[in-house]
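What follows is a set of notes on a single structure, which appears directly below.
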There are 2 protein chains.
Amino acid sequence: MFKKFKIPDATIGRLSLYSRYLKEADEKGINTVSSQHIARATGVTPAQVRKDLAYFGEFGTRGVGYNSRELYNYIMKILGLGRRWPVAIVGAGNLGKALSQYKGFYERGFDITCIFDTDPNKIGKKLAGIEICPLDSLKEKAKAFNIELGIIAVPAAAAQDVADKLIEAGIRGIINFAPVNINTGENVMLRRVDLAAQLEYLTYYLEDTR
Amino acid sequence: MFKKFKIPDATIGRLSLYSRYLKEADEKGINTVSSQHIARATGVTPAQVRKDLAYFGEFGTRGVGYNSRELYNYIMKILGLGRRWPVAIVGAGNLGKALSQYKGFYERGFDITCIFDTDPNKIGKKLAGIEICPLDSLKEKAKAFNIELGIIAVPAAAAQDVADKLIEAGIRGIINFAPVNINTGENVMLRRVDLAAQLEYLTYYLEDTR
DNA sequence: TAGATTGTTAATCGATTAACAATC
DNA sequence: TAGATTGTTAATCGATTAACAATC
């Protein structure tokens, strides 16, 4: 599984940023851009841009550059964004609520389709127009809506259990917002996002450097 | 500025995770842990754990291991978390709202002290008990509350402008949630967090690998 | 002392950058 | 053709891992 040849993790993140710039350029009527244009707009080197693209093919014209719209479409396809993806969020607390309402997901092709929780006080209520469902119904809903992506937005102590249930329900990609390492098997893609740790990168450097 | 010697970026993120495990271990009454324990709990190799710690000093006892509470305290100090940090959020939309209520920040020593927006309909209202203030009052409030950290939670188009205002107000560390590259000077630490891109790491791998 | 685990060095691995031939 | 920019290779840089001496 995951047979795509090995490319640097960071390349994916940069492709995402390139694509956003290309969309903007296209909308502004800029048809052709060079690796240098992309690089300046996204804060990387031109060599990096070309190298990132080279993993996937030849998209430009020597001496000329890249067609903005075409390259945008290529990158979206590479990222798997040639279609929309239904997503399940587990945890209807502050973070789950926030993520379910976040427009940035929708804009990139992600539809928050289901929200799950175990708290009887929350079940049945709605978030961003989506009903909060009992965690027990996860498998059933995942099948019904063809959900392959899950977001874990529960406390650290519950994260592994939720992950197990997501996998059991057939989810193949998980983002874990709980500040704890969780285990998924070989066949499930996992990423951890630690919001507090992001601030800690800053405080590490700011501590006594005044 | 930022004179601390160069360590891998990823080391900081791992230290954060180690510290959470150590806190838990200490609370469970586990006084001594080895690099192998830490490694297993956090999903890295024991060599990685020891190397990460070695950047900052010698915290263990050969043949024995590390004292959980002591190492926890050391790491918190290293990360700059020996004190609490006031934080400003700019943007009172869904994401800003979410982040202002997110308990994970408080638990790691961050206090969301001010929220700013330009929308007159939002100004004056409260989020998580904190009044939404006009962006114009940023400098004044930052001074009053000694705020050095800022979170950008506005649309991409407004992000650079907000960054400029944060810097002008004396903020020294910025997290940018807008999906766009922004420029800060030499003296400001910057990190970008792209929530949608996190899902794109998954879709890249899941695309047609069924 | 024997067993265990750290701290550190050297080897390996992987990602970024510089340089340049290919080619529009 | 001259100028520009890509795609790609080789060189550099940096991070991870393996191995082991130090030492409890």
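Side chains are part of it too, since the values below use all heavy atoms of this structure and drop only hydrogens, waters and symmetry mates. Below, chains carry the letters A, B, ... as their sequence lines are ordered, and counting in each starts from 1. If you're wondering where the values come from, they're calculated on a predicted model, not measured in any experiment.
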query: Looking at residues at least two apart in the chain, or sitting in another chain, which of them share a ring-ring contact (aromatic ring centres under 6.0 Å, His included) with B/Tyr21?
result: none
Residues forming a ring-ring contact (aromatic ring centres under 6.0 Å, His included) with A/Tyr72, sequence neighbours excluded: none
Considering only distance and modelled atom types, tabulate donor-acceptor pairs under 3.5 Å from the side chains of residues 95-107 of chain A, sequence neighbours left out.
unit_1	atom_1	unit_2	atom_2	d
A/Ser100	OG	A/Gly96	O	3.4
A/Ser100	OG	A/Lys97	O	2.6

statement: Between B/Arg50 and B/Tyr55, whichever has its closest DNA chain D nucleotide further toward 5' is B/Tyr55
message: Determine whether a donor-acceptor pair (N or O, by modelled atom type, separation under 3.5 Å) exists between the side chain of B/Ser68 and the backbone of B/Asn31.
response: yes
query: Is a side-chain donor or acceptor of A/Trp85 paired with a backbone partner of A/Gly80 at a separation under 3.5 angstrom?
result: yes
- line: Comparing A/Val64 with A/Asp9, nearest DNA chain C nucleotide closer to 5' gives the residue A/Asp9
field: Residue pairs, two or more places apart or on separate chains, that pass side-chain hydrogen bond (donor to acceptor under 3.5 Å, both in side chains) and touch residues 50-59 of chain A
entry: A/Thr11-A/Asp52, A/Arg14-A/Asp52, A/Tyr18-A/Asp52, A/Ser35-A/Arg50
- prompt: Is it the case that A/Arg108 and A/Ser19 place a side-chain donor and acceptor less than 3.5 Å from each other?
  reply: yes
task: Return yes if a side-chain donor-acceptor contact under 3.5 Å exists between A/Arg83 and B/Thr203, otherwise no.
output: no
message: As a check on the pairing definition, encode DNA chain C in dot-bracket form, counting Watson-Crick and G-U wobble pairs whose two distances are under 3.5 Å, and using | for partners outside this strand.
response: ..||||||||||||||||||||||
query: Looking across every strand, which nucleic acid part, if any, lies under 4.0 Å from B/Thr11 by heavy atom: base, sugar-phosphate, or nothing?
result: nothing
- line: First and last nt of DNA chain D near chain B, cut-off under 4.0 Å to heavy atoms, 5' to 3', are D/dA15 to D/dC24
